[in-house]
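Working notes for the structure below.
From a predicted model like this one, the values you see are computed outputs, not experimental measurements.
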2 protein chains.
Amino acid sequence: MTVITGLELSPRKVDYLKFILKKGRTVKTTEISSSFKVDPSTTSKTLNELAASGYLNHVPYKGADLTQYGEMYAEFLIRRHRIMSLLLSHYGFSSEEACEEVSRFEAYVSKDAVDKICSAMGHPMFGVCGEITHEKCFHDAQKHG
Amino acid sequence: MTVITGLELSPRKVDYLKFILKKGRTVKTTEISSSFKVDPSTTSKTLNELAASGYLNHVPYKGADLTQYGEMYAEFLIRRHRIMSLLLSHYGFSSEEACEEVSRFEAYVSKDAVDKICSAMGHPMFGVCGEITHEKCFHDAQKHG
DNA sequence: ATCAATGTTTGGTATTCACCCAAATTATCA
DNA sequence: TGATAATTTGGGTGAATACCAAACATTGAT
């Protein structure tokens, strides 16, 4: 049973988990490093750290995929991104502007805040950059080895 | 003529400038360090950096106050904080919750975003933690030595 | 006016995050 | 099976933030 605050991961790690969840499969180091335009060695190290923290299974030279916990967590990350960008879209931001702006600060927005905003918005089903899922909205309690 | 993006300063530096503007006078190192619960030596160094970047006048052993540019910038920082916390207050956050949440991520919110939200809100005069001033809303162009 | 107490700065060190390069290692496919 | 491509490891870097100890400046009380 782990309470998630939403502040567990650094911005880059948030990027990686969202990327892997969106891919929906095992991803190779190079896919990530080229997507984010960083050296593969940088990605490799970050992937190791995410694996060490239980978010990923990382098989060296093979690729990384989300653990059960990592998947649950990444779903929160996507929901946070979409809720926050939907919010900004209500204040004159285009979809692209909203996503870009949110990308800068989302790693520092707590799950409590996201849940509050999500409720106040009536648990919207669609954001400006994709569907918003709410299954995990009401029970924080998750096993985390 | 300096265009401000709002992303110039790290979170701690943002804290310091807001603190000094709110005091409205020269502040001593210890006032800041005790307020933020860090070692005075840490504050002293950060004050030096802010002075080196032109935000502060720092007279060693005497105290620091805002330069003209620093004051203009700090006014933006306060406006950003107040606009963002007012925004959250519209989604079920109490004043305290809104301010606390915003404190975590405000350093990563761009001036363009603040200006958009500010416009969409109709340039509100009052936030949840104080007055909102808008003089600097419409002209980014400011001298910065 | 001096000196002790207090406040401040400097120098040194640590951690976390995020990045790079070069070298070693593993995988893959022709 | 061996060359090429992908990946990891080892070694560094810089920014941000912090602490401690020692040096230094200021101030106030005698």
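- Contact of the B:Glu71 side chain with the B:Leu21 side chain is registered, since non-hydrogen atoms from C-beta on lie closer than 4.5 Å.
- Using a 4.0 Å cut-off between charged side-chain N and carboxylate O, A:Lys45 and A:Asp39 make no salt bridge.
- A straight line from CG of A:Leu7 to P of C:dC17 spans 13 Å, rounded to a whole angstrom.
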### Task
Take B:Lys116 and A:Glu101, measure what salt bridge (Lys or Arg N to Asp or Glu O under 4.0 Å) needs, and give me the verdict at the end.
CA-CA 12 Å; B:Lys116 254 178 209 134; A:Glu101 188 69 36; over 6 Å; no

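- Using a 4.0 Å cut-off, no side-chain N or O of A:Lys13 falls inside it from OP1 or OP2 of C:dT16.
- Dashed line: the shortest gap from a side-chain N or O of A:Arg12 to OP1 or OP2 of C:dC19 is under 4.0 Å.
- Ring geometry for A:Tyr55 versus A:Tyr73: interplanar angle over 60°, hence perpendicular rather than tilted (30 to 60°).
- Looking at the side chain of A:Asp39, the nearest of the listed nucleotides C:dG7, C:dC20, D:dT9 is C:dC20.
- With rounding to whole Å, A:Asp15 atom CG is found 9 Å from C:dC19 atom P.
- Between A:Ile32 atom CD1 and D:dA6 atom C1' there is a gap of 14 Å when expressed in whole angstrom units.
- The distance from atom CG of B:Asn48 to atom C1' of D:dA18 is 16 Å, rounded to the nearest whole Å.
- Between the NZ atom of A:Lys37 and the P atom of C:dA18 there is a distance of 18 Å, rounded to whole Å.
- Within the 4.0 angstrom heavy-atom criterion, base atoms lie near B:Pro40.
- At D:dA18, none of the side-chain N or O atoms of B:Thr42 fall inside 4.0 Å of OP1 or OP2 (strictly under the cut-off).
- With hydrogens and angles ignored, a donor-acceptor pair under 3.5 angstrom links the side chain of A:Lys45 to the base of D:dG11.
- What separates CD of B:Glu49 from P of D:dA18 is a distance of 11 Å, to the nearest Å.
- Atom CG of B:Leu9 and atom P of D:dA15 are 15 Å apart (whole Å).
- B:Lys62 has a side-chain polar atom (N or O) that falls below the 4.0 Å cut-off from OP1 or OP2 of D:dT27.
- Contact between the side-chain N/O atoms of A:Ser41 and the OP1/OP2 oxygens of D:dT9 is not found at any separation under 4.0 Å.
- In this structure, B:His123 and B:His134 have perpendicular ring planes: the angle between them is above 60°, well past the 30° mark.
- The nearest heavy atom of DNA chain D to B:Val38 and to B:Lys28 marks one nucleotide each, and the one closer to the 5' end goes with B:Val38.
- Whole-Å rounding puts the A:Tyr61 OH to D:dT4 P distance at 19 Å.
- For the pair A:Tyr16 and B:Pro60, both in contact range of DNA chain C, the more 5′-proximal nearest nucleotide belongs to B:Pro60.
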